[in-house]
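A note on names: the letters A, B, ... follow the listed sequences, proteins ahead of strands, and every chain is numbered from 1.
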Amino acid sequence: EDAERGASADLAVVEARRRMLDEWLAWRSSVEAEVEEERLGRGLPANPVEGLISQPDSEEEQQIIE
Amino acid sequence: MLFNPDGDLLFSVSKDQQICVWYSHNGERLGTYKGHQGAIWTVDVDPTSTMIASGSADNTMRLWEIKTGRLLKTWDFPTAVKRVEFSPDGRQLLGVTEKRMGHLGTIVVLPIVLDVEAEQSDERDLTIVCDESKATVAGWSYLSKYIIAGHEDGSVSQYDAKVTDLQWSQDRTYFITSSKDKTARLLAARDLELLKTYPADTPLNSACITPKKDYVILGGGQAAMDVTTTAARQGKFEARFYHKIFEDEIGRVRGHFGPLNTVAADPIGKSYASGGEDGYVRVHHFDKGYFDFMYEVERERQNRL
């Protein structure tokens, strides 16, 4: 019976986490959609610094320091 | 004008550049505090009736010893100081500075040592810039918790006086704050909705959000003056990792010998850095376990996709 109670408590925790994850992802997608809509509405580039600095043309020119 | 907490003294300020203190029971003048070079707008007395603070059109805020009239400290500002107020615990002093061409109105908070022989700090605890409508008045709430400000346009605003850090998510749609009240909070940028709360067991100085993994990192510890030798052993000086979504503490990283003043997340997600009161900056690289760790429900969702 104790084990059963423990298992149902665990289940409740997992359920709560599942709900938190769902809520978080739903919130993220609503915010992302809202920001995207506003960005397009204002005619802004996806990268806010676009055009401000020259980007290397090819991947070879980009140096990645690990 | 202002009474001290016992009601036996009355302080008055005016445009004649001196502060007067009077015995309230008979109207006799006890003395004056001289030094300001302009009209004095405001005066406040600390909760122990040891010191008074004043703000003036000469762009200074000054601290005086009540008993002797001695000037203890002068803080300079770019504009006039229209209001000063000690916090209820006497450990902080706020000043409201005037808006003038090229300068926005601000509310500054300075740490105060309630000892007339102590050196007072120039370093501010907090600066609030009022870019919409300048603050005309401001004061402290119960427990020195909030600063309430009244603005020129008639609005009243509330500031959390204990927030020590604010760092953004990568897309700047939400941010994390750390607070002396031992909690970090995740808030939405669009409406300041409180999204998550991360409780800790020590005052927090800094918090950041990690990219790649849904974690937040908090750093803090008691101020040096309050530290006991057991604090280090109790692990108060560790960086704490919490799950951003589930609000659980998932791990701690030791290393510093004093409070953590700042934490920073590498934008690539491979490391983080912490700066401590002990003078060290430590950069930590995450290992495989950090990237592999997943909650059951996260794995479940990943498998579904």
Side-chain angles (χ1 to χ4, degrees), chain A, chain B residues 168-176 184-199 209-216 241-250 266-271 273 283-288 291 293-305:
Chain A
E1 200 180 296
D2 273 353
E4 222 168 82
R5 210 179 302 143
S8 70
D10 286 349
L11 200 68
V13 170
V14 170
E15 261 318 307
R17 283 189 188 137
R18 193 171 288 136
R19 186 178 44 76
M20 286 169 112
L21 184 59
D22 287 344
E23 279 173 8
W24 175 259
L25 293 171
W27 183 78
R28 286 305 305 152
S29 48
S30 90
V31 169
E32 275 164 18
E34 194 181 293
V35 172
E36 185 66 3
E37 190 184 337
E38 189 166 348
R39 181 179 73 76
L40 292 172
R42 295 213 232 159
L44 297 170
N47 178 0
V49 294
E50 193 181 280
L52 295 180
I53 43 170
S54 57
Q55 294 284 340
D57 291 335
S58 66
E59 289 223 349
E60 285 126 57
E61 282 178 53
Q62 290 199 31
Q63 252 196 332
I64 293 167
I65 299 161
E66 289 273 331
Chain B
W168 291 98
S169 69
Q170 281 208 302
D171 67 356
R172 292 177 182 260
T173 56
Y174 61 98
F175 57 90
I176 190 165
R185 296 178 180 85
L186 206 67
L187 294 117
R190 64 177 174 192
D191 51 9
L192 302 184
E193 183 193 349
L194 180 64
L195 301 168
K196 301 287 172 189
T197 305
Y198 312 99
I209 303 167
T210 61
K212 292 269 192 288
K213 297 293 284 183
D214 286 321
Y215 304 145
V216 296
F241 283 71
Y242 284 67
H243 197 283
K244 184 173 73 187
I245 301 169
F246 306 132
E247 303 171 317
D248 295 330
E249 183 173 338
I250 51 174
D266 154 25
I268 309 301
K270 286 187 171 165
S271 63
V283 181
H284 298 260
H285 295 271
F286 298 127
D287 55 18
K288 191 167 177 297
F291 294 103
F293 176 79
M294 259 188 180
Y295 274 70
E296 197 181 311
V297 292
E298 289 179 295
R299 183 159 291 124
E300 186 182 278
R301 175 168 290 271
Q302 197 188 44
N303 291 343
R304 247 189 296 150
L305 296 175

Problem - Part of B:Phe246 lying under 4.5 Å from any heavy atom of chain A - result: both
Exercise for the section: Test side chain to side chain contact (heavy atoms under 4.5 Å, CB included) on B:Asp248 and A:Arg17 and set out the steps. Expected result: CA-CA 10 Å; B:Asp248 295 330; A:Arg17 283 189 188 137; 3.3 Å; yes
Handout entry: Part of A:Glu34 lying under 4.5 Å from any heavy atom of chain B
Key = side chain
Exercise for the section: With a 4.5 Å cut-off on heavy-atom pairs, point out which of B:Arg301, B:Glu298, B:Lys244 contacts chain A the most. Expected result: B:Arg301
Exercise for the section: Check each atom of B:Ala188 against the heavy atoms of chain A and say whether the ones under 4.5 Å are side chain, backbone, both or neither. Expected result: both
Handout entry: Heavy-atom contact with chain A under 4.5 Å, split by part of B:Leu195
Key = side chain
Handout entry: Greater than 12 external heavy atoms within 6.0 Å of A:Glu32's CD
Key = yes
Exercise for the section: List the atom of A:Trp27, the atom of B:Arg190, and the distance in Å for their closest heavy-atom pair. Expected result: NE1-NH2, 3.5 Å
Problem - Best-contacting candidate, A:Asp22, A:Leu21, A:Val14, against chain B by heavy atom pairs under 4.5 angstrom - result: A:Leu21
Problem - Side chain proximity check, B:Thr173 to A:Val35, heavy atoms < 4.5 angstrom - result: yes
Handout entry: Sub-4.5 Å side-chain heavy-atom contact between A:Met20 and B:Glu247
Key = yes
Handout entry: Validation row: B:Tyr174, A:Arg28 side chains within 4.5 angstrom (heavy atoms)
Key = yes
